[in-house]
Every structure is written in structure tokens, then in C-alpha cells.
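Encoded as C-alpha cells, the structure appears first; notes follow it.
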Number of protein chains: 2
Amino acid sequence: MNEKAATIYDIAKLAGVNPSTVSRALSTPGRINAATEAKVHAAAKELNYRANPFARALPTGKTRMIALMVSDITNPVFFKVVRGAEKVAAENGYTLVVAESIESSKVEAETLQRILPSVDGVIFGTTRLSDDEIHQANREKPVVLINRIVEGVADVVPDNEPGIAQAVAHLASLGHKHIGFLGGPTASWINADRWNLLMKHAVEAGMTVVSIGPNLPTVEGGRDAVDEVRASGVSAIITYNDLMGIGLLRAVSAAGIKVPEELSIVGFDNIFGSDFTSPPLTTIEMPLERIGGNAVRALLATFEAQDGTVPHGSEETTSLLVRGSTTKAKA
Amino acid sequence: MNEKAATIYDIAKLAGVNPSTVSRALSTPGRINAATEAKVHAAAKELNYRANPFARALPTGKTRMIALMVSDITNPVFFKVVRGAEKVAAENGYTLVVAESIESSKVEAETLQRILPSVDGVIFGTTRLSDDEIHQANREKPVVLINRIVEGVADVVPDNEPGIAQAVAHLASLGHKHIGFLGGPTASWINADRWNLLMKHAVEAGMTVVSIGPNLPTVEGGRDAVDEVRASGVSAIITYNDLMGIGLLRAVSAAGIKVPEELSIVGFDNIFGSDFTSPPLTTIEMPLERIGGNAVRALLATFEAQDGTVPHGSEETTSLLVRGSTTKAKA
DNA sequence: CTGATTTTGGCAAGCGGTTGCCAAACAATT
DNA sequence: AATTGTTTGGCAACCGCTTGCCAAAATCAG
């Protein structure tokens with residue numbers, strides 16, 4: 001429980017050199033004589049030395065830790081994002097701190113305050129923070145936003161358009177004329193983006209499209225939309241996310257409406273479990289793991305960039321994944 | 001991006017006192033005069049002071065960070081564990097670092113080495129590490145194990161027995177005589193525990209029980225068991241976890257076997273999505289969120305305990321959650 | 001009102017690294 | 001061989017906070 005870790009002073013003594021030499025041998029390869037360097041490394045190995053990250057962080061200000069803030073860690077959308085981020089962070093010798101804001105901007109702000117001093121930068125999953133608060137954070141430490149665009153702040157947002165275009169084309173080819181969009185959080189940038197793109201493509205395809213909700217972006221939110229969906233008379237509906245799609249699918253089936261024969265449903269994200277339903281949910285896939293990884297890469301890039309430029313967007317894209325919840329519109 | 005944070009020296013200057021007084025005012029309430037303390041607090045507020053956690057960690061050795069190691073962060077079993085742990089950690093002013101070992105003991109050992117110096121203690125979700133490696137880690141920093149018991153190391157393991165007893169009783173009351181257990185990782189302590197308890201209770205209930213697999217503890221692992229399950233002739237099967245249960249349910253249905261009429265299936269854990277299937281999976285519920293929270297509490301307790309005692313077990317228990325995947329055995 | 005006791009707050013030494021500066025040692029140049 | 005240029009590695013200050021020690025100030029007893 002209490003083996004005291006070796007310090008550079010221990011190594012210095014063992015190797016018969018000055019602590020500063022040890023420091024340089026370990027963190028500035030080439031700065032000192034190769035033979036001395038080898039001797040120091042040998043001593044370090046022998047003592048099973050691992051640098052105290054705090055002692056290192058003090059003078060340099062660099063902690064090699066990155067925070068990833070998510071609104072709800074039990075939301076499966078984040079699983080793969082976290083994995084992708086964790087993987088890239090570890091590859092680069094960084095440690096990822098995952099924090100949850102429990103869908104509350106107050107908690108999020110507090111957590112941010114608690115964590116900010118400990119990390120070199122922050123990635124916001126879906127944040128509830130205002131643009132101002134984000135700018136404020138960005139003034140202290142580099143920030144990367146996932147699925148949101150704020151002027152002057154780095155972001156990673158995949159292109160929603162291909163997936164939506166494909167989904168619309170898919171529904172059009174199945175004869176759907178009047179479709180719906182079950183909306184999620186109105187404050188959400190991505191919700192607006194998806195809705196706007198859907199309108200654009202639906203109109204271009206000669207369909208009419210209506211907005212339903214907005215509801216909570218959860219299974220319950222989907223379930224609660226069944227009356228409104230039914231009342232709207234649409235033959236197909238695209239939901240803000242899979243959670244809502246799954247909730248809707250299950251509630252609608254329970255109400256005796258056949259999916260997909262009487263109602264086609266398209267989700268968004270391809271989360272874990274979206275293929276567990278009967279029928280399995282047709283969905284627009286987001287490359288979540290790559291998004292998480294790219295967010296970390298973007299953050300690391302801002303660490304390098306002394307010119308203050310911030311990376312934007314992403315080469316990532318979305319695409320339709322046709323499963324069982326869509327079929328021909330009833331004649 | 002670069003606003004330099006205020007230090008206790010800035011506060012000291014503003015409040016007209018010595019830095020050490022500031023330090024005491026902030027971290028040892030009552031140590032100094034109430035008026036002075038108030039003055040310091042006012043100054044701190046004004047400068048928007050937040051202590052540099054690294055500077056604090058250096059002399060004290062306490063980082064107020066806890067690591068939670070999980071084998072696979074995309075495994076839904078961990079979502080709630082992480083949430084519970086994060087919540088309790090935050091409540092106590094600790095920051096949770098979640099690390100993933102990608103189901104590899106090599107990665108796990110490396111990650112552990114990287115993280116250990118930064119944290120006050122470690123919680124192992126399902127670890128692949130050997131008892132020796134765990135003891136080694138426990139020698140450096142306090143360790144808490146979830147779902148595993150190792151001599152001399154603190155653990156949080158809920159009682160599997162009630163849930164299994166209830167599941168057996170449930171199946172017995174439905175007329176099942178010959179049941180199966182689809183096993184997961186053989187090296188897993190909890191897999192053995194579940195199997196042993198199942199044998200005990202099945203025998204007591206006058207049933208026969210066979211072990212099938214072991215397979216991977218994933219949806220694929222469940223899917224791959226369909227032939228063996230079919231060959232075994234069991235009328236009901238309990239799977240090591242829900243992932244396997246879901247995989248089996250879907251594969252078996254796809255093969256034309258009706259669930260639950262021809263085969264009853266009981267999962268384990270009640271993970272996210274286990275109610276998405278048709279029929280929804282009957283499962284033995286684990287109080288995952290509480291387990292995560294209790295693991296953190298256990299760790300915090302060892303921080304306090306100077307006598308080196310380690311907490312064991314948990315008041316948490318398991319219970320059967322009957323949904324749609326179980327019914328009467330065919331006559 | 002004086003001596004003893006308790007409060008209060010300053011001083012300074014760390015915690016374990018990093019790094020600018022400099023001198024000694026060595027190599028290269030004429 | 002003398003001079004200039006490079007390496008190499010030691011010294012010491014510093015990062016921001018904590019804490020043991022001590023003296024001055026305030027409080028309490030007698």
C-alpha cells in the first residue's frame with residue numbers, strides 16, 4: 001500500500017550523477033552523453049522509476065490529461081465516443097478523464113470548474129453550456145466541441161448530410177410522400193442541423209415533412225410521441241436519435257401499429273442495441289468511435305499550434321444503414 | 001486560452017497577509033482568525049481562485065483522483081457502474097479517471113502503470129490481472145475489486161445467490177426439469193460463482209443442469225451457442241450475462257425456435273437494451289450503479305482506515321426480473 | 001496587574017521535477 | 001601549441017501549495 005516511489009534523486013545517487021542530469025537523460029534524449037544517458041536509464045529501470053506526474057506538471061503546466069465531458073454517460077451514443085477518445089489519448093501518452101454532467105448545465109459548469117485546472121484541454125460531448133461559457137472555458141484551456149459549432153472554437157462534427165440524403169432517397173424510393181421528424185432538445189445544435197437538412201432534402205425529393213415533438217432524447221421521449229405521430233398521418237418518421245426511434249418503435253408496436261408495414265422508422269446514430277428490436281431499427285450511422293478519436297487528435301493539434309488556429313469539421317461522414325424498420329409506404 | 005490562474009500569493013498580496021495564512025484559511029478552516037479568514041475568502045473569490053491541484057498534490061501526495069479500470073468500456077454492464085462511481089466520487093470531491101484495457105491483460109497492466117502514479121486508488125471492474133499483479137498494485141495504492149475476491153484486497157461483490165435462487169424457483173415453477181448454463185470467461189471469478197450457485201440450487205430443486213460453452217461474453221458468444229444449446233435438449237437456459245442472452249435469443253429465433261415457448265432464456269445483469277428484444281429478456285438484475293458507488297465508498301474508506309483493514313462484500317443483492325423470455329416448459 | 005496559556009500568522013523548508021546559466025572537459029581549427 | 005567552438009553536466013532557482021516551528025499578540029488566571 002505504501003511503497004514510496006523512486007525519485008530522480010534516487011537515480012542520481014545510484015548512477016552517480018546530478019539530478020538535473022537524470023531529468024535531462026529521461027526527458028531530453030540526446031541532450032547529454034550517450035553513455036551517461038544509458039547509465040541513467042539503467043538505474044531508472046533498476047529502481048522501477050516512474051516520474052511523478054504532479055511534480056512534472058508543476059513547472060511545465062502540462063498535465064497530459066484530457067477531459068471528456070458527456071451529458072449522460074449511460075447514453076449509449078457516448079460509449080464508442082469514449083472508447084475512441086480513450087484509445088487515441090492513450091496512444092499519445094495522455095490520460096482521459098471522463099466526466100458526466102447528468103444533463104444539467106449547472107452540474108456541468110461545476111464539474112468543469114473542478115476538472116479544468118487538472119487537464120490540458122477539454123472535449124465537450126453534447127454540452128448544455130452556452131456559447132459564452134464555452135468561450136470562457138476556451139480562454140483558459142483549449143476546447144474541442146463534438147457535434148456543435150461555436151465561432152472560434154475547435155470542433156469535430158461529421159457531415160450529417162449524406163446520411164440524411166440517403167435516408168430521404170430510401171424513403172422516397174419506397175413511395176413515402178409525407179414524413180415526420182421527431183425532434184430532440186431544441187437547444188441542441190445538431191438537432192437543428194438534422195432538421196434543416198431533412199427539410200431541404202425532403203422538399204427536393206418532393207415530399208412533405210413535419211416536425212413532431214420536440215421530446216426528450218430518450219426511449220421515453222420516443223414512446224411519448226406515439227399519439228402525435230399517429231395524429232400527424234405520416235407514413236414514415238426519422239427520429240432525432242436511436243433512443244427515440246427505439247422508444248417509438250416499441251410503443252407504436254404495442255399500440256397495434258405494425259412496423260414497418262404501417263409506419264417506417266429511421267433512427268440516428270446506430271447505437272448499441274438498435275439492432276435488438278423487432279424489427280431491427282433502420283438508422284443513420286454516425287462514426288462515433290472515430291469522432292471520439294478525432295476529437296482527441298484535434299485537441300492535441302491545438303496543443304502544438306502556437307498560431308492559435310483551431311481545427312474545424314471532420315472528414316467523417318454519415319450513412320444510412322438499412323435494417324428492418326422501413327418498407328414500402330401503404331398504397 | 002491562456003489566462004494565468006491566480007495563486008495564493010496573489011490572494012496574499014490582495015488580502016495583505018502571508019501566503020501561508022491564505023493556505024490555511026482555505027484548507028484548514030478555523031485554524032486562523034475568522035475575520036482574516038473572511039478577508040482571504042473574499043480576495044479568493046475576487047480573483048476567481050482555484051487551487052492548482054498539482055501544486056497541492058506534490059507535498060501531500062494526495063491527488064483526489066480515482067481510477068476505474070474496465071475491460072471494455074462499450075460493454076453496457078459498465079455504463080451504470082461508471083455512473084455510480086462518478087457520482088459518488090464527485091460528491092466527495094474526487095475525480096474519476098476511467099481507463100479501458102480492451103480485454104487485454106497486457107494493455108491493462110500498461111495502463112495501470114501509466115495511471116497508478118496519478119491517482120489515490122484504483123477500482124478494478126472486471127480485471128484480467130492475476131492475483132499477484134493485483135497484490136502488487138495493492139501494495140502501491142489501495143485497490144478495490146468489483147466482482148472478484150482476492151485475499152487481502154478490498155472488494156465489492158453483490159450476492160448472486162438470491163437472484164439465482166429466484167431464477168431457479170421461477171423455472172421450476174414453470175415445469176422445467178433440465179436446464180443449461182451458457183458460460184462466459186473461464187478465468188472469471190464471477191462466472192464460476194454463478195455456475196456453482198446455479199448447480200447448487202438446481203440440484204436442490206430437483207433439476208438437472210448442464211454447462212454449455214464457455215463462449216465469449218458477447219452477443220456473438222451467445223449467437224454461437226445455438227447449436228450446442230439445441231443439441232443439449234434443455235428447455236431453459238441461464239446465460240452468463242445479458243449480452244450472451246440477447247445473442248442467443250436472436251439466433252435461436254432466427255433458427256425458427258420459438259422463445260419462450262420452445263426455449264426459455266434468462267440473462268444476467270439487466271443491461272441497457274435487454275428489454276429491446278422480442279420478447280424482452282427475463283434477467284437477473286445486478287444493482288450496477290450502486291456497485292459502482294459502493295466501490296468508490298470502499299476506496300474512500302480505505303483512505304481513512306489507518307489500520308489497514310479492507311472492506312469486503314456488499315449489502316447489495318441480486319433479484320430476478322421476469323420479462324417475456326421465460327414461460328412454461330413444453331409438456 | 002503580572003505571569004501563564006492559547007491564538008494567530010509569518011518564516012522557511014520541503015514535495016519532485018524542469019531549465020537557464022555557467023564552467024569544465026573535450027574536440028576542432030589554424 | 002594556442003585559440004575558438006562544442007559537449008557535457010552541475011548549480012540553483014522556480015513551479016504553487018503545505019506544514020512544522022516559532023514569536024508576537026491576545027486572552028485568561030490568580
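The figures here come from the full heavy-atom set of this structure, side chains too, leaving out hydrogens, waters and symmetry mates. Proteins come first, then strands; the chains are lettered A, B, ... in the order of their sequence lines, and each starts at number 1.
Not a single donor-acceptor pair, N or O on each side, falls under 3.5 Å between the base of dG17(C) and the side chain of Arg24(A). If you check distances only, the side chain of Arg31(B) does reach the base of dG9(C) with a donor-acceptor pair under 3.5 Å.
Phosphate contact (OP1/OP2 of dG9(D), side-chain N/O of Ser20(A), threshold under 4.0 Å): absent. One finds a side-chain N or O of Ser27(A) lying less than 4.0 angstrom from the OP1 or OP2 phosphate oxygen of dT18(C). At the phosphate of dC11(D), OP1 or OP2 sits under 4.0 Å from a side-chain N or O atom of Asn18(A). Phosphate proximity of dT19(C) to Thr28(A): absent, as no side-chain N or O sits under 4.0 Å from OP1 or OP2. Tyr9(B) has no side-chain polar atom (N or O) that falls below the 4.0 Å cut-off from OP1 or OP2 of dC14(D). OP1 or OP2 of dG10(C) lies within a sub-4.0 Å distance of a side-chain N or O belonging to Thr21(B).
You'll find that the side chain of Pro59(B) is closest to dG16(D), out of dG16(D), dT18(C), dG9(D). Nearest nucleotide to the side chain of Tyr49(A), out of dG9(C), dG17(C), dC17(D): dG17(C). Checking dT19(C), dG10(D), dG17(C) against the side-chain heavy atoms of Val17(A) singles out dG10(D) as nearest.
Taking five base pairs at each end of the helix from dC1(C)-dG30(D) to dT30(C)-dA1(D) and finding the rotation axis that steps the C1' atoms of four pairs onto the next four gives two axes whose angle is 30°, to the nearest 10°.
The distance from atom NZ of Lys62(B) to atom C1' of dC17(D) is 16 Å, rounded to the nearest whole Å. Here dG16(C) presents its C1' atom at 6 Å from CG of Asn52(A), a figure rounded to the nearest Å. As rounded to whole Å, 12 Å separates atom P of dC15(C) from atom CD1 of Ile8(A). The nearest whole Å value for the distance from the CD1 atom in Ile32(A) to the P atom in dC26(C) is 16 Å. Taking atom CD1 of Ile11(B) as the reference point, atom C1' of dG9(C) lies 16 Å away to the nearest angstrom. Separating the CG atom of Asn33(B) from the P atom of dG10(C) is a distance of 11 Å, rounded to the nearest angstrom. The separation between Phe54(A) atom CZ and dT18(D) atom P is 14 Å, rounded to whole Å. The distance between atom NZ of Lys13(A) and atom P of dG10(D), rounded to the nearest whole Å, is 15 Å.
Counting non-hydrogen atoms under 4.0 angstrom, Ala35(B) reaches nothing in the nucleic acid. Residue contacts for Thr7(B): at a heavy-atom cut-off of 4.0 Å it reaches the sugar-phosphate backbone alone, with no base atom in range. Residue contacts shown for Ala57(B) are absent, as no nucleic acid heavy atom lies under 4.0 Å away. Using a 4.0 Å heavy-atom cutoff across all strands shown, Thr60(B) reaches sugar-phosphate atoms only and no base atom.
Among residues two or more places apart in sequence or in another chain, the side chain to side chain donor-acceptor pair (under 3.5 Å) test is passed with Ser20(B) by Asn18(B).
Phe272(B) and Phe272(A) have tilted rings, their planes meeting at an angle from 30° to 60° on a 0 to 90° scale.
For Asp10(B) against Ala5(B), the heavy-atom pair with the smallest separation is OD2-O, 4.3 Å.
Between Arg148(A) and Asp131(A), at least one side-chain N (NZ, or NE/NH1/NH2) sits under 4.0 Å from a carboxylate O, which counts as a salt bridge. Salt-bridge annotation for Arg128(B) and Glu108(B): absent, with no side-chain N of the basic residue lying under 4.0 Å from a carboxylate O of the acidic one. Looking at Glu110(B) and Lys106(B), a side-chain N of the basic residue comes within less than 4.0 Å of a carboxylate O on the acidic one, giving a salt bridge. With respect to the salt-bridge test (charged N to carboxylate O, under 4.0 angstrom), the residues Arg50(A) and Glu140(B) qualify.
Judged purely by distance below 3.5 Å, without hydrogens or angles, the side chains of Thr95(A) and Arg64(A) never pair a donor atom with an acceptor atom.
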